[in-house]
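Presented below is the structure to which this report refers.
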Amino acid sequence: MKDLQPIIASGIELDKPIIIAGPCSAETPQQVMDTARQLARTGIKVFRAGVWKPRTKPGGFEGIGTPALEWLQQVKAETGMSTAVEVATKEHTEAALEHGIDILWIGARTSGNPFAMQEIANVLASAPDTPVLVKNPMNPDLELWIGALERLYNAGLRRLGAIHRGFSVYGKHLYRNQPQWSLPLELCRRVPGLPILCDPSHLGGKRELVAPLSQHAIDMGFDGLVIESHCNPDCAWSDKDQQVTPEVLSVILNHLVYREAAANGAENLSELRRQIDHLDNELLDILNRRMQVCREIGNYKKANGLQVVQAGRYDAIMNSRVSSAAALGMSEDFMRSILTAIHEESVAQQLKIMKS
Ligand code: PEP
Ligand code: MN
């Protein structure tokens with residue numbers, strides 16, 4: 001994929017960082033216009049909204065469909081913002097093109113499906129100037145992600161970009177989708193010149209993670225952000241936990257720190273602090289996963305009539321972790337107190353299971 005071209009929307013090349021914002025779903029004309037007006041006032045240039053929503057289970061809100069494309073036309077006419085929607089089939093793609101949508105994006109459930117990708121690429125062959133952003137597939141498969149981009153490239157599209165939205169894993173974790181930052185980095189190496197945006201909303205799945213994940217992405221040199229924003233997030237019909245109001249979005253964007261190529265002392269310090277914030281989040285995620293396993297062990301002990309505290313096992317854990325910590329230059333006392341606190345919480349969680 002050699003001769004990639006810049007992303008152009010409404011005839012204008014988008015400045016970096018490319019910021020795309022808007023609700024997870026277009027719900028009503030009022031919700032779309034209210035959100036769009038507020039976003040336009042804060043300087044957002046590209047408005048996103050899902051019109052066809054891929055839902056995990058039947059019965060949820062599956063999007064308004066084609067009629068909502070007219071609401072997006074109205075957003076463009078009134079605010080001047082460019083528009084972006086997700087397409088997953090040949091019919092969606094045709095409808096989006098007919099309605100003059102500026103940018104299309106391919107969702108994570110579609111980019112991993114070669115049949116759907118080929119079908120979409122075949123439609124887009126007749127509109128090769130269309131900018132298309134391809135989200136990573138649900139599973140961390142870089143070849144599949146590149147394959148989806150190649151199908152579009154082979155159909156003649158050159159205004160391509162990628163969106164990193166994290167990878168799905170089973171169970172409850174701090175992040176809704178695991179970041180695995182090494183994959184977008186490798187994509188950047190494999191496809192030089194491809195703009196890569198980050199979607200902190202779907203990565204984190206929670207409002208409070210949007211700011212730190214956005215900063216992390218900017219620090220890593222991503223070319224832009226796709227952020228879900230809704231005029232009334234608590235009442236959103238999909239993804240309500242991760243959407244922020246346009247006002248909060250504006251605060252988040254205004255607080256992002258863009259690193260200079262040659263950082264001075266103060267910038268170095270804030271970069272190191274951001275690394276600490278990120279590592280603390282990872283620590284929290286690992287602790288959460290450890291507690292989940294402890295609870296599974298608790299269920300096993302309960303079913304098999306075993307007591308919660310197995311002294312021999314605790315002793316073995318303590319000795320091995322303390323000596324590993326010492327080998328890494330940390331004091332034995334420090335490791336002992338951390339393990340004691342973790343063990344106390346694990347026991348408390350298992351006792352709760354015994355009593356349940
Ligand atoms: C979305 O952007 O609203 C969406 C459905 O995203 P993803 O494909 O990343 O789940
Ligand atoms: Mn969403």
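Treat the numbers as computed from the prediction; the structure is a model and nothing was measured. Position 1 is the first residue of the sequence; numbering continues from there.
Side-chain atoms of Asn254 come within 3.5 Å of backbone atoms of Ser250 as a donor-acceptor pair (strictly under, hydrogens ignored). Judged purely by atom type and a 3.5 angstrom limit, Glu186 has no side-chain atom pairing as donor or acceptor with the backbone of Leu142. Side chain of Glu332 to backbone of Val322: no donor-acceptor contact under 3.5 angstrom is found. Within the 3.5 Å criterion, the main-chain N or O of Ser320 finds a donor-acceptor partner in the side chain of Ser324. Of the possible donor and acceptor atoms, none in the side chain of Gln180 sits under 3.5 Å from a partner among the backbone N and O of Ser182. Side-chain atoms of Ser10 never come within 3.5 Å of backbone atoms of Ile12 as a donor-acceptor pair (strictly under, hydrogens ignored). Asn113 contributes a side-chain N or O that, together with a main-chain N or O of Phe115, makes up a donor-acceptor pair within less than 3.5 Å. Side-chain atoms of Gln178 never come within 3.5 Å of backbone atoms of Ser168 as a donor-acceptor pair (strictly under, hydrogens ignored).
Arg289 is linked by a salt bridge (charged side-chain N to carboxylate O under 4.0 Å, His left out) to Asp285, counting only residues two or more places apart in sequence or in another chain. Residues satisfying the side-chain hydrogen bond (donor to acceptor under 3.5 Å, both in side chains) criterion with Asp15, sequence neighbours excluded, are absent altogether. Contacts of Ala21 classified as side-chain contact (heavy atoms from CB on, under 4.5 Å), with partners at least two apart in sequence or in another chain: Leu39, Ile44, Leu249. Shown here are the side-chain hydrogen bond (donor to acceptor under 3.5 Å, both in side chains) partners of Gln350, two or more places apart in sequence or in another chain: Lys301. Residues satisfying the side-chain hydrogen bond (donor to acceptor under 3.5 Å, both in side chains) test with Tyr175, not counting sequence neighbours, are none. The side-chain hydrogen bond (donor to acceptor under 3.5 Å, both in side chains) search around Glu143 returns Arg190, not counting sequence neighbours. Annotation: ring pair (Phe, Tyr, Trp, His ring centres under 6.0 Å) contacts of Trp52 (sequence neighbours excluded): His92. The ring pair (Phe, Tyr, Trp, His ring centres under 6.0 Å) search around His216 returns Trp181, His278, not counting sequence neighbours.
When each of Asp199, Asp239, Asp241 is checked for a salt bridge (charged side-chain N to carboxylate O under 4.0 Å, His left out) with Arg176, only Asp239 meets the rule.
Sequence neighbours left out, not one pair with a member in residues 55-67 passes side-chain hydrogen bond (donor to acceptor under 3.5 Å, both in side chains). Under the side-chain hydrogen bond (donor to acceptor under 3.5 Å, both in side chains) criterion, the residue pairs touching residues 28-41 are Gln30-Asp34, Gln31-His230, Arg37-Glu78, with sequence neighbours excluded. Residues in residues 200-215 take part in these salt bridge (Lys or Arg N to Asp or Glu O under 4.0 Å) pairs, two or more places apart or across chains: Arg207-Asp234.
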Where do Leu287 and Ile342 land on the side-chain contact (heavy atoms from CB on, under 4.5 Å) test, with the steps shown first? CA-CA 8 Å; Leu287 282 172; Ile342 292 176; 3.8 Å; yes
Assess the residue pair Asn177 and Arg165 against the criterion (side-chain hydrogen bond (donor to acceptor under 3.5 Å, both in side chains)); give the C-alpha distance rounded to whole Å, side-chain angles, the decisive distance to 0.1 Å, and a yes or no. CA-CA 7 Å; Asn177 291 292; Arg165 51 79 76 202; 3.3 Å; yes
Step-by-step side-chain hydrogen bond (donor to acceptor under 3.5 Å, both in side chains) determination, Gln349 to Glu345: CA-CA 6 Å; Gln349 301 248 351; Glu345 179 62 17; 2.8 Å; yes
Quick one: do Tyr258 and Asp219 satisfy side-chain hydrogen bond (donor to acceptor under 3.5 Å, both in side chains)? Show the steps, please. CA-CA 7 Å; Tyr258 293 93; Asp219 293 342; over 6 Å; no
Mind running side-chain hydrogen bond (donor to acceptor under 3.5 Å, both in side chains) on His202 and Glu228 for me, showing each step along the way? CA-CA 8 Å; His202 290 89; Glu228 286 190 340; 3.1 Å; yes
Go through it in stages, so that I can follow the logic: the residues are Lys76 and Asp102, the test is salt bridge (charged side-chain N to carboxylate O under 4.0 Å, His left out), and I'd like the CA-CA distance, side-chain angles, deciding distance and then a yes or no. CA-CA 10 Å; Lys76 185 167 173 170; Asp102 295 291; 2.8 Å; yes
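Other residues, nucleotides and ligands contribute over 12 non-hydrogen atoms within 6.0 Å of the CZ atom of Phe61. Surrounding NZ of Lys53 are more than 12 heavy atoms belonging to other residues, nucleotides or ligands, all under 6.0 Å away.
Residues Glu86 and Gly107 come closest through the heavy atom pair OE2-CA, 3.6 Å. Taking every heavy atom of both residues into account, Val32 and Glu27 meet most closely at CG2-N, 4.2 Å. Nearest heavy-atom pair, Pro233 versus Val244, reported as atom, atom and distance to 0.1 Å: CG-C, 3.9 Å. Nearest heavy-atom pair, Val134 versus Trp145, reported as atom, atom and distance to 0.1 Å: O-NE1, 3.1 Å.
Counting side-chain heavy-atom gaps under 4.5 Å among Ile, Leu, Val, Met, Phe, Trp and Tyr, Tyr170 is found in no cluster with other residues.
Using modelled atom types, one finds a donor on one side chain and an acceptor on the other under 3.5 Å when comparing Asp3 with Tyr153.
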